[in-house]
2 protein chains.
Amino acid sequence: MAITGKADPGRVIGFLPLYRQVKERLVRRIADGEWQAGRAIPSEMQIAAELGVSQGTVRKALDEMTAERLLIRRQGVGTFVASHDEDRILFQFFKLGRDDGRRVFPDSSVLSVGEQPSDATEAARLGIRRGTRVVRIHRLRSLGGAIAVSERIVVPSARFAGLAACDPVPNNLYGLYAERYGVTVARASESLKAVACPPDDAAHLGLAPGSPVLAIDRLALDLDGQKVEWRVSLCRTDQFHYTSDLK
Amino acid sequence: MAITGKADPGRVIGFLPLYRQVKERLVRRIADGEWQAGRAIPSEMQIAAELGVSQGTVRKALDEMTAERLLIRRQGVGTFVASHDEDRILFQFFKLGRDDGRRVFPDSSVLSVGEQPSDATEAARLGIRRGTRVVRIHRLRSLGGAIAVSERIVVPSARFAGLAACDPVPNNLYGLYAERYGVTVARASESLKAVACPPDDAAHLGLAPGSPVLAIDRLALDLDGQKVEWRVSLCRTDQFHYTSDLK
DNA sequence: TAGTGGTCTAGACCACGAA
DNA sequence: TCGTGGTCTAGACCACTAT
């Protein structure tokens with residue numbers, strides 16, 4: 001047993017409850033690719049025996065990881081590492097929907113892909129040095145056949161070798177990041193503004209230049225909180241809307 | 001003891017785990033005003049003894065209620081009913097912030113308050129019959145001195161008797177709903193669009209008519225999921241932005 | 001039927017805050 | 001010092017799924 005069992009009274013600084021120590025170890029197994037997306041992890045009893053803690057302690061760690069959508073539990077079957085399948089993307093990472101309420105997965109058509117040195121803005125957003133190479137993707141996304149979004153994506157080349165040469169670039173990028181590069185997008189932070197649509201995007205979206213569009217600026221983070229991807233999406237909101245639940 | 005102890009095997013339909021039954025009872029005590037906002041509730045042991053269940057079962061109910069922000073736990077002190085103080089509003093219900101990152105509580109200046117029969121749109125959004133009387137409030141909100149939002153609020157008069165005569169209308173409306181009317185806003189659903197600003201709102205916001213503004217359409221629900229309030233906020237986003245965390 | 005996660009209990013000890 | 005919530009354990013039984 002490598003984890004200190006009961007909290008030793010001498011340690012005051014850096015104390016972590018046992019179940020948090022267990023959780024950190026298990027998260028690391030996902031981050032390191034030891035446990036892969038979509039696969040079952042060992043049973044609670046097996047993990048408890050391996051780490052020398054009680055089942056209840058393992059359960060509390062798994063409960064938190066489930067709440068953070070890192071795991072999916074299926075009664076009678078087992079516990080699985082969450083994958084970026086379309087359902088998860090749709091409910092966790094794609095907030096734009098049709099006004100008629102139908103939720104559909106967006107289609108994509110790629111306009112350009114390339115690898116270049118990062119400019120100052122990209123470097124600042126991604127926390128890298130200016131000039132560090134990045135992959136840039138520009139694509140249109142449609143909902144139910146109607147073009148809705150003009151989207152520009154930037155990722156550091158270092159973590160995504162060969163992405164620029166990928167043909168075709170898949171629709172579900174987060175799934176690709178996980179499967180091909182072992183990078184798990186765990187959460188993202190979005191900043192929204194209403195802006196006047198620039199002429200070239202307006203042409204792609206079928207709008208008059210200057211029309212109001214919703215600009216979504218998103219920074220995606222991995223399991224360690226490292227910045228993985230920056231994307232800016234310009235969205236038509238005449239037939240679509242962005243949903244945000246406050247709770 | 002009124003709660004059925006162990007799950008009786010005969011019941012298949014409508015089965016609820018014991019801790020969920022406990023939770024429903026405790027939520028009801030808040031909804032009924034038996035436990036008031038900001039006040040301490042009995043200790044876990046007291047609740048467990050009263051309901052004839054173990055402390056662990058009560059704890060699981062309280063854990064869920066804490067996760068839903070209905071309760072606030074303070075180690076060594078007790079468990080308290082969450083109140084709509086400025087901190088909670090700021091983090092849970094107010095997503096607009098300054099671009100410089102400073103988070104401040106918005107000021108309000110009321111333009112008009114009145115009670116009238118509801119129109120078709122209001123009735124549909126609030127789930128009431130058209131013509132049922134509602135209170136309408138129109139106010140401007142500013143962040144750090146700069147006017148940022150033109151906001152129109154509609155609530156059914158039935159649940160908020162005398163609200164239209166309230167002078168002044170307080171800045172923190174959800175706090176008023178709770179204290180004066182016993183109505184707890186538990187969660188809200190927002191729908192966002194970028195729109196061209198109408199002339200009268202543009203004048204209030206200091207914008208040219210037709211400028212892009214963020215339109216936030218919010219429906220607020222109480223503890224029972226009943227529709228409490230509908231509000232539409234038109235927001236300048238030249239110096240401000242709406243934050244949405246996906247996780 | 002076997003194995004998984006889900007629920008419930010009981011009791012121990014710890015950390016924290018107030019008096 | 002006392003009472004609170006926080007952590008950890010151990011064991012029992014239930015519900016669900018696959019075989």
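In what follows, chains are A, B, ... by sequence order, proteins preceding strands, each numbered from 1. Side chains included, hydrogens not; waters and symmetry mates left out as well; all remaining heavy atoms used.
Atom CD1 in A:Ile47 sits about 12 Å away from atom C1' in C:dG5, given to the nearest Å. B:Phe80 has its CZ atom 17 Å from the P atom of C:dC16, to the nearest Å. In this structure, A:Leu51 places its CG atom 15 Å from C1' of D:dT9, rounding to the nearest Å. Between the NZ atom of A:Lys60 and the C1' atom of C:dG6 there is a distance of 16 Å, rounded to whole Å. What separates CG of A:Asp63 from C1' of C:dC8 is a distance of 14 Å, to the nearest Å. As rounded to whole Å, 15 Å separates atom P of C:dG17 from atom CD1 of B:Ile72.
Across B:Arg73 and B:Arg59, no two heavy atoms sit closer than the pair NH1-O, 4.0 Å. Here the closest non-hydrogen pair linking A:Ile41 and A:Trp35 is CG2-CE3, 3.5 Å.
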Atom pairs, protein N/O to nucleotides 1-5 of chain D N/O, distance under 3.5 Å:
from, atom 1, to, atom 2, distance (Å)
D:dG3, N2, B:Gly76, O, 2.9
D:dT4, O2, B:Gly76, N, 3.2
D:dG5, OP1, B:Thr79, OG1, 3.3
D:dG5, OP2, B:Glu44, N, 3.2

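At a threshold of 4.0 Å, the pair A:Glu229-A:Arg187 does not count as salt-bridged, since none of the basic side-chain nitrogens sits closer than that to a carboxylate oxygen. Between A:Arg159 and A:Asp222 there is a salt bridge, since at least one side-chain N of the basic residue sits less than 4.0 Å from a carboxylate O of the acidic one.
Between B:Phe160 and B:Tyr181, the ring planes lie perpendicular to each other; the angle is over 60°, past the 30° to 60° tilted range.
Aromatic pair B:Tyr177/B:His84: centroids not less than 6.0 angstrom apart.
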